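Because the structure is predicted, anything quoted here is derived from the model rather than measured. All values below come from the heavy atoms of this structure, side chains included, with hydrogens, waters and symmetry mates left out. Labels below follow one simple rule: chain letters A, B, ... track the order of the sequence lines, proteins then strands, and each chain is numbered from 1.
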There are 4 protein chains.
Amino acid sequence: MARPLSDEKRSALLDAAIDLFSENGIDATPTAAISKAAGVAEGSLFTYFRSKDGLVNALYLELKAELAQVLMQGLPRQGSIAKKLEHLWNRHLAWCTGSPKKLRTLERLLLSNRLDDTSRAQGAEPFRELDDAVQRAVDDGTLRDLSLPYLHQVFQAMVTATLQMIASDPARAASYRREGFEMLWNAVRR
Amino acid sequence: MARPLSDEKRSALLDAAIDLFSENGIDATPTAAISKAAGVAEGSLFTYFRSKDGLVNALYLELKAELAQVLMQGLPRQGSIAKKLEHLWNRHLAWCTGSPKKLRTLERLLLSNRLDDTSRAQGAEPFRELDDAVQRAVDDGTLRDLSLPYLHQVFQAMVTATLQMIASDPARAASYRREGFEMLWNAVRR
Amino acid sequence: MARPLSDEKRSALLDAAIDLFSENGIDATPTAAISKAAGVAEGSLFTYFRSKDGLVNALYLELKAELAQVLMQGLPRQGSIAKKLEHLWNRHLAWCTGSPKKLRTLERLLLSNRLDDTSRAQGAEPFRELDDAVQRAVDDGTLRDLSLPYLHQVFQAMVTATLQMIASDPARAASYRREGFEMLWNAVRR
Amino acid sequence: MARPLSDEKRSALLDAAIDLFSENGIDATPTAAISKAAGVAEGSLFTYFRSKDGLVNALYLELKAELAQVLMQGLPRQGSIAKKLEHLWNRHLAWCTGSPKKLRTLERLLLSNRLDDTSRAQGAEPFRELDDAVQRAVDDGTLRDLSLPYLHQVFQAMVTATLQMIASDPARAASYRREGFEMLWNAVRR
DNA sequence: CATGAATGAGTCTTCATTCAT
DNA sequence: TATGAATGAAGACTCATTCAT
């Protein structure tokens, strides 16, 4: 998809949106505030995105893609499932801890009624490969006999729980990370 | 003298809010829609609640109190910690499954920026007794050496994960419930 | 006009209205605020006055009548026109200085669009006798050949001017009062 | 770039406000009525003025500035104090007579609770030079030994009184103007 | 393309008045 | 009569989106 427009401005708008969405919520953030924070004219937002919802969906895709990329990077494809899970666990926590605003925004996006089905599907896309990697591990009996989505949910759930703890006591982040993974592993291994 | 404030109308307003909030989100639900759905005049909402935020906070308190009450009911105070946790697990899932709109609303409430500190504190209040019950179990070494909040988070997270599964495949609800608890228990027991 | 209702409550309402009107203005004062300040129920205001405008007009009449009475009291009917004017001058200033809230309210009433013609006429009524007294003095050549209304206006205007000064420097009230009358007298005498 | 803020629209809004404020009062004039009368969209009022109060204060400043300018224009700076006062007198009456709506609006503005201190101060600013001119005349003994504010008040008072007369009998305007000035002069000269 | 003024539907909240108790 | 809850029509202001410049 050719993008004849300035990538810089597009990014500035998305970054501004992350800032404001994470802080005030999506509905409570006027498009004008986003434009202003991005240093562009009010109207320009609409040359980069069809509408506010357009921006919202684009932002969702962007964040999901970034997260997927972070998770895949350095994935020990040959390692044991435990190693793989631990990699994902650490990466995931690292991203969330390092980009709390993006995380918060992602949560808000998920709960908003603004994501269309296409976006949800497209957002899951980059995780496909990852899922496959995990599925094989389930099949070989190392893990409990869980459906992939359930595993996903549990993983996600433990991440969220651990994140909350890290947020409330950042000094003990490493300890939470280790303990959290142990719990996860105990939960899902056969 | 004069007409007394009607508990019925107050409830109707809160119920209508649950309906609409769960469906459309808080910000996207006009107060007029709530009044209408509750069958009262637009202005009446404001005789029962100071403002939209007033209603939102009241609703939060209401839901938290209801949940706490459901969880406490029939809690096997003499039983083992496993029994206690299982009771909480089943009750929690039951409430969420039985009142999906309330659950959704609670999630939205939590992510909204409308809850004031007082409400958050007051909302946690009814869980105090429950927390104590669990704390003792942690102390006697049955469980991992987790801080109470962490345990809370993990419990909550696993509930959420399991709920998602139940939502996507209600027929297997019982199976998810059992498997979920096993995972939780494996995760938190020493 | 028989008034079967409690005069006390009626007065309380009018007094409360004076307080609030003088402070916030007429339009900016809700009837509920008046009732509350008067210590009666919201609805009671409407058993004592047909409507908010009804109260407003009644208040106007009340204040005009009170002012007229104050001015007439002790009027030296046999004295020279100068004596008479001075009496009115002093009385008028005294009333305004002593009841600044009533004065302010009267000003606001006059500028509001809520006084009906009947009230305006009725409010002028108590001054009729006073006017006659003055008219005779004009006729005998002591004063400039002014129409009575003009004299009225000038008198009123000078009162207002002097009042402002007294308000801004109460310590010198007596001095302003004397000087003001001198100016008035110089202006209107032949 | 883009459409520049149009002075025409701003003026149209202020003019419409004068019309409606003078007729109905400030509180009783909805912003929507002003926009409509000015021929712009409801929302546009708020691109020209922060709020209704913003418009109100701007209007006050505008009127005060206009009045000051009218009074200064052609002021006989070398003439006697009597000449100066007469010039101000005539100009003042002329402006008030010629712009009765502006006058009425100014009165309402003054009695409203919407003018902030900044505006009141700023509104007095353009009269500073004029005040100085008069002060010197007081100092040289031509006038009574009045404080400047008092002189101001008396002048204003006589204007108001005379204006009322002119309003009630426009045919005799010139006669009122002359007679009024004589009275003023008699009042304030030594 | 960039800009930001223009638009007007939509939102929360207030308030005079009525009326059930 | 006293009370104050109920009513719903305004009213000030916001905001996504358009479009003149």
Taking for D:Val40 and for B:Pro30 the nucleotide of DNA chain E with the nearest heavy atom, the one nearer the 5' end belongs to D:Val40
OP1 or OP2 of F:dT1 sitting under 4.0 Å from any side-chain N/O of C:Lys9?
no
Would you classify C:Lys36 as touching base, sugar-phosphate or nothing, given that sugar-phosphate means primed atoms plus P, OP1 and OP2, and contacts are heavy atoms under 4.0 Å?
nothing
Nearest to the A:Ala41 side chain among E:dT17, F:dT7, E:dG4, which nucleotide is it?
E:dG4
May I have the distance from C:Leu55 (atom CG) to E:dT17 (atom P), rounded to whole angstrom?
11 Å
Report which part of the nucleic acid D:Thr29 touches: base, sugar-phosphate, or nothing (heavy-atom distance under 4.0 Å, all strands).
sugar-phosphate
Whole Å only: how far is the CG atom of A:Leu13 from the P atom of F:dA16?
14 Å
Run the numbers on A:Arg120 and A:Asn57 for side-chain hydrogen bond (donor to acceptor under 3.5 Å, both in side chains), then give the verdict.
CA-CA 9 Å; A:Arg120 292 205 184 252; A:Asn57 281 273; over 6 Å; no
In whole angstrom, what separates D:Ile34's CD1 from E:dG8's P?
18 Å
Nearest-Å distance for atom pair CZ/C1', residues B:Phe46 and F:dG8:
12 Å
Which part of the nucleic acid, if any, lies within reach of D:Phe49 when heavy atoms closer than 4.0 Å are counted: base, sugar-phosphate only, or nothing?
nothing
Under a 4.0 Å N-O cut-off, is there an ion pair linking C:Glu62 with C:Arg10?
yes
Which sits closer to the 5' end of DNA chain F, D:Gly43 or B:Leu5, going by the nucleotide each is nearest to?
B:Leu5
Should C:Thr31 be listed as having a side-chain N or O under 4.0 Å from OP1 or OP2 of E:dT17?
no
Mate of E:dA16 where both pairing distances stay under 3.5 Å, Watson-Crick or G-U
F:dT7
Is the distance from OP1 or OP2 of E:dT7 to the nearest side-chain N or O of D:Ser44 less than 4.0 Å?
yes
Would you indicate what A:Ser35 reaches in the nucleic acid, counting non-hydrogen atoms under 4.0 angstrom: base, sugar-phosphate, or nothing?
nothing
Pairing nucleotide - F:dT21, Watson-Crick or G-U, each distance under 3.5 Å:
E:dA2
Side chain to side chain contact (heavy atoms under 4.5 Å, CB included) partner of D:Val56, chosen from D:Thr105, D:Asp116, D:Thr29, D:Leu109
D:Leu109
Between E:dT14 atom C1' and C:Asp27 atom CG, what is the distance in whole Å?
14 Å
B:Lys102 with B:Glu66: basic N within carboxylate O range, under 4.0 Å:
yes
Protein-nucleotide distance (D:Arg3, atom CZ; E:dA2, atom P), rounded to Å:
18 Å
N/O (side chain, B:Thr47) to phosphate O (OP1/OP2, F:dA5) under 4.0 Å
no
Starting at atom CD of C:Glu42, determine the distance to atom P of F:dT3, rounded to an integer number of angstrom.
11 Å
Calculate the interatomic distance between B:Lys52 atom NZ and E:dT13 atom P; express it in whole Å.
8 Å
The answer to which of D:Tyr48 and B:Arg50 contacts DNA chain E further toward the 5' end, by nearest nucleotide, is D:Tyr48
Assuming nearest nucleotide by heavy-atom distance, tell me which of B:Ser6 and A:Ile26 is located more 5' along DNA chain F.
B:Ser6
Taking D:Lys101's backbone N and O only, do any of them form a donor-acceptor pair with D:Ser99's side chain (distance below 3.5 Å, no angle check)?
no
Write down the atom of B:Asn113, the atom of A:Asn24, and the distance for their closest heavy-atom approach.
ND2-CA, 3.6 Å
